[in-house]
Amino acid sequence: MALHRDRGRPAQLDLFRAIGGDIAARDAQDLMAYPFFSLAKTPRTRPIDYSLGGVTVRVEATHEHGMATIWDADVLIWAASQIVEARDRGLTPSRLMAATPYEILTFTGRGTSLRAYQRLKAALDRLQSTSIATSIRQPTTRRLHRFSWINEWKETADHKGRPLGLELILPDWFFAGVVDAALVLTIDEDYFELTGGIERWLYRLVRKHGGRQPAGWSFDFRHLHMKSGSLARYSDFALDLRDIAARQALPGYALDVSRSDAAELLSFQPIPEHPFDRHLRRLARRGISA
């Protein structure tokens with residue numbers, strides 16, 4: 001892994017070149033537990049304001065780009081996966097990362113068409129322009145850490161103008177949370193095949209709270225609605241939850257909807273899977289025969 005420093009880069013940051021090949025998908029637990037992203041495919045500029053249990057999250061967007069979405073967050077999952085993989089291999093990751101669009105798109109299960117490249121650039125713009133202020137991992141709830149998901153990014157080219165890829169700089173808050181192994185979880189690669197914003201958000205929440213606990217976990221619908229930061233009406237949000245449960249749409253988990261007094265509950269339990277079967281499923285996803 002080449003680590004070097006060039007002119008024009010922040011002096012304190014070394015360049016980390018993305019690791020190629022097959023690596024596991026990892027997600028930052030803070031991003032799985034709290035409402036940081038728009039769950040809609042239509043542009044959102046209305047802020048997210050979340051405050052509960054001593055945790056404050058405020059997310060603001062620009063009218064030019066709109067708020068970063070749950071699909072844009074795939075870039076951060078790719079970045080977290082790269083950082084953890086580098087650490088596990090004894091390499092030194094950095095907030096300054098270099099990759100090709102192809103590497104990011106194939107890791108996140110996207111196509112590699114011109115349209116996919118254009119969407120990746122739009123996602124990077126939204127990640128760079130979305131502002132976050134949060135009390136998570138701060139000394140007191142009154143002190144907020146403010147940042148954007150990407151400090152800056154640029155396309156790179158050789159001396160003849162031929163494209164080499166892109167470079168981006170991650171914020172300290174995100175990088176520190178990923179480098180701490182206790183704050184990262186491996187996620188199912190089939191997550192990238194989930195198409196709905198609410199089901200993507202719900203998978204991350206279920207993975208964070210349900211984990212591998214045999215007894216699973218449950219939340220009432222209204223708590224989930226508040227925790228999602230979604231602008232959908234509660235009635236529409238509840239319909240989506242019932243549909244996701246009916247389709248058993250979340251990889252690795254069994255879902256159930258029930259009632260307790262006046263509250264509607266969503267329960268989830270992990271589905272046991274032999275590591276060999278998981279490996280075969282992973283190969284099949286990549287079109288590789290065992």
Side-chain angles (χ1 to χ4, degrees), residues 18 23-48 50 57-62 65-84 95 97 99 101 103-110 116 119-134 136 145 147-153 166 168-178 183-209 227-232 249-251:
I23 65 174
R26 280 94 164 196
D27 205 352
Q29 292 199 45
D30 291 331
L31 275 60
M32 302 165 83
Y34 298 103
F36 281 111
F37 302 98
S38 169
L39 306 185
K41 291 184 177 177
T42 54
R44 172 173 176 168
T45 55
R46 182 172 160 184
I48 294 174
Y50 174 90
V57 173
R58 181 173 175 82
V59 184
E60 297 177 297
T62 65
H65 297 294
M67 184 178 293
T69 70
I70 195 83
W71 297 273
D72 300 337
D74 287 1
V75 175
L76 300 176
I77 294 175
W78 167 82
S81 305
Q82 288 286 330
I83 294 166
V84 174
R95 294 198 295 119
M97 303 181 71
E103 290 170 323
I104 298 175
L105 291 170
T106 54
F107 178 84
T108 56
R110 308 291 175 88
R119 286 177 172 171
L120 176 61
K121 291 180 183 179
L124 292 168
D125 282 338
R126 283 189 292 273
L127 290 165
Q128 195 276 324
S129 62
T130 298
S131 300
I132 301 94
T134 181
I136 296 172
H145 193 137
F147 57 93
S148 298
W149 292 121
I150 293 176
N151 288 5
E152 58 183 85
W153 76 276
L166 58 88
L168 58 86
I169 300 178
L170 299 167
D172 278 329
W173 185 89
F174 176 81
F175 189 77
V178 173
L183 298 178
V184 177
L185 290 174
T186 301
I187 63 172
D188 196 305
E189 292 184 9
D190 285 349
Y191 165 81
F192 295 118
E193 297 180 2
L194 298 176
T195 57
I198 291 179
E199 65 185 8
R200 277 178 160 246
W201 163 79
L202 186 62
Y203 172 81
R204 299 173 88 187
L205 188 80
V206 164
R207 178 68 185 91
K208 158 65 179 167
H209 291 283
K227 204 171 176 59
S228 72
S230 171
L231 292 178
L250 303 191

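All of these numbers come straight from a predicted model, not from anything done at the bench.
- A distance of 9.0 Å separates CG in Leu127 from CG in Leu168, rounded to the nearest 0.5 Å.
- Partners of Thr62 under the side chain to side chain contact (heavy atoms under 4.5 Å, CB included) rule, at least two apart in sequence or in another chain, are Glu64, His65, Ser129.
- By the side-chain hydrogen bond (donor to acceptor under 3.5 Å, both in side chains) test, Trp71 is found to be paired with no residue, residues two or more places apart in sequence or in another chain being considered.
- With sequence neighbours left out, Asp72 forms a salt bridge (charged side-chain N to carboxylate O under 4.0 Å, His left out) with Arg126.
- For Ser81 (side chain) and Arg26 (main-chain N/O), a donor-acceptor pair under 3.5 Å exists by modelled atom type.
- For the atom pair CZ (Arg58) and CD1 (Ile48), the distance works out to 10.5 Å, reported to the nearest 0.5 Å.
- Of all heavy-atom pairs between Pro35 and Val57, the closest is O-CG1, 3.7 Å.
- Contact between Ile70 and Arg204 at its shortest, heavy atoms only, is CD1-NH1, 3.4 Å.
- Checked against salt bridge (charged side-chain N to carboxylate O under 4.0 Å, His left out), Lys41 has no partners two or more places apart in sequence or in another chain.
- In this structure, CE in Met32 is found 11.5 Å from CG in Leu183, a value given to the nearest 0.5 Å.
- For the residue pair Ala33 and Leu205, the shortest heavy atom distance occurs at O-CD1, 4.0 Å.
- Judged as a side chain to side chain contact (heavy atoms under 4.5 Å, CB included), and not counting sequence neighbours, the contacts of Ala176 are Arg137.
- Rounded to the nearest 0.5 angstrom, Trp78 CH2 and Phe107 CZ are separated by 9.0 Å.
- Using a 30° and 60° split on the angle between ring planes, Trp149 and Phe36 fall in the perpendicular class, above 60°.
- Here the closest heavy-atom approach between residue Thr186 and residue Ala24 is recorded as CG2-CB, 4.4 Å.
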Working for side chain to side chain contact (heavy atoms under 4.5 Å, CB included), residues Ile83 and Leu170: CA-CA 11 Å; Ile83 294 166; Leu170 299 167; 3.8 Å; yes
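- Applying the side-chain hydrogen bond (donor to acceptor under 3.5 Å, both in side chains) test to Glu103 and every residue at least two apart in sequence or in another chain returns Arg17, Thr100.
- Distance CD1/Ile77 to CD1/Ile187: 4.0 Å, rounded to 0.5 Å.
- Panel note: side chain Ser148, backbone Thr130; a donor-acceptor pair is recorded below 3.5 Å.
- Scanning both residues, Glu199 and Leu250, for their nearest heavy atoms gives O-CD2, 3.5 Å.
- Screening Ile150, Asn151, Ile132 for a side-chain contact (heavy atoms from CB on, under 4.5 Å) involving Pro171 leaves a single residue, Asn151.
- Considering only residues two or more places apart in sequence or on other chains, Phe174 meets the ring pair (Phe, Tyr, Trp, His ring centres under 6.0 Å) condition with none of them.
- Although no hydrogens or angles enter the test, the distance criterion places no donor-acceptor pair under 3.5 Å between the side chain of Tyr34 and the main chain of Thr134.
- Within the model, atoms OG1 of Thr108 and CG of Leu120 stand 7.5 Å from one another, a figure rounded to the nearest 0.5 Å.
- With sequence neighbours left out, Arg46 forms a salt bridge (charged side-chain N to carboxylate O under 4.0 Å, His left out) with no residue at all.
- A salt bridge does not link Arg207 to Asp27: none of the charged nitrogens lies less than 4.0 Å from a carboxylate oxygen.
- Residues passing the side-chain hydrogen bond (donor to acceptor under 3.5 Å, both in side chains) test with Asp74 are Arg110, Arg200, sequence neighbours excluded.
- The two residues Tyr203 and Leu194 have their closest heavy-atom pair at CB-CD1, 3.9 Å.
- Arg95 is linked by a side-chain hydrogen bond (donor to acceptor under 3.5 Å, both in side chains) to Asp172, counting only residues two or more places apart in sequence or in another chain.
- The ring pair (Phe, Tyr, Trp, His ring centres under 6.0 Å) check on Phe175 picks up nothing, with sequence neighbours excluded.
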